[in-house]
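Quick notes on the structure that follows.
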Amino acid sequence: FLNVVFNVKRNPEYKGNHELARTDRIHTTFPLGTTKQEMTDQFLAQEVNNTTKYGDILQVVEIEKCFEDKSPKGRFHKDNY
């Protein structure tokens with residue numbers, strides 16, 4: 001796995017009041033070999049609900065951290081906590 005920390009900001013076109021709009025950092029994982037552009041594109045395309053995607057609410061400012069995780073399920077998996 002690749003553990004990734006995105007620095008994000010509110011999309012100025014988003015007029016809603018979703019709690020994600022107040023978020024400035026998001027942790028997620030991707031398969032090994034995923035490029036930074038693919039990570040950003042896949043992240044923004046994920047659905048928050050049936051009508052909204054992350055890209056509707058957030059913009060990626062930068063990838064703050066990106067490191068390889070060799071644990072079987074990933075460092076941030078719920079079974080690790």
Side-chain angles (χ1 to χ4, degrees):
F1 293 96
L2 291 174
N3 280 312
V4 179
V5 179
F6 288 107
N7 281 341
V8 295
K9 67 179 183 180
R10 181 186 184 105
N11 184 340
E13 296 176 12
Y14 181 68
K15 304 301 181 202
N17 194 26
H18 196 281
E19 78 177 61
L20 275 176
R22 297 185 294 269
T23 302
D24 61 357
R25 184 176 295 148
I26 295 184
H27 299 254
T28 190
T29 59
F30 293 95
L32 289 174
T34 308
T35 67
K36 289 185 178 186
Q37 186 60 52
E38 290 171 337
M39 289 180 213
T40 301
D41 294 343
Q42 289 175 22
F43 170 72
L44 293 175
Q46 287 181 28
E47 291 187 350
V48 175
N49 56 38
N50 291 337
T51 60
T52 310
K53 296 183 180 187
Y54 278 89
D56 298 332
I57 301 172
L58 300 171
Q59 292 178 333
V60 173
V61 176
E62 68 178 343
I63 295 177
E64 181 179 331
K65 296 179 184 175
C66 181
F67 56 94
E68 186 176 334
D69 186 349
K70 296 183 190 247
S71 64
K73 293 185 179 180
R75 177 178 174 208
F76 300 119
H77 193 274
K78 64 180 177 147
D79 290 348
N80 293 334
Y81 298 98

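As the structure is a prediction and not an experimental result, all values here were calculated from the model.
- In the hydrophobic clustering of ILVMFWY residues, with side-chain heavy atoms under 4.5 Å counting as a link, V5 and V61 come out apart.
- Separation of atoms CZ (F30) and OG1 (T40) is listed at 7.5 Å; rounding is to 0.5 Å.
- Inter-residue side-chain proximity for H18 and V48 is flagged as met; some heavy-atom pair is nearer than 4.5 Å.
- Of the possible donor and acceptor atoms, none in the side chain of D56 sits under 3.5 Å from a partner among the backbone N and O of Y14.
- Within the 3.5 Å criterion, the main-chain N or O of P12 finds a donor-acceptor partner in the side chain of K15.
- Side chain of T52 to backbone of N49: no donor-acceptor contact under 3.5 angstrom is found.
- By the neighbour-count criterion of 12 heavy atoms within 6.0 Å, atom CD of E13 is sparsely surrounded, having that number or fewer from other residues, nucleotides or ligands.
- In this structure, the separation between CG on L2 and CG on L32 is 5.0 Å, given to the nearest 0.5 Å.
- Side chains of R22 and I57 form no contact here, defined as non-hydrogen atoms less than 4.5 Å apart.
- Using a 4.5 Å heavy-atom threshold, the side chains of I63 and F6 count as touching.
- Within 6.0 Å of atom CD in E68, more than 12 heavy atoms from other residues, nucleotides or ligands are found, so the atom counts as buried in its surroundings.
- Applying side-chain contact (heavy atoms from CB on, under 4.5 Å) to Q42 and the options E38, M39, Q46 leaves one that passes, E38.
- Side-chain contact between L58 and I26 is present, with heavy atoms from C-beta onward closer than 4.5 Å.
- Looking at every heavy atom in both residues, G16 comes nearest to R10 through O-NH2, 2.8 Å.
- Using a 4.5 Å cut-off on side-chain heavy atoms (C-beta onward), F43 and V8 make contact.
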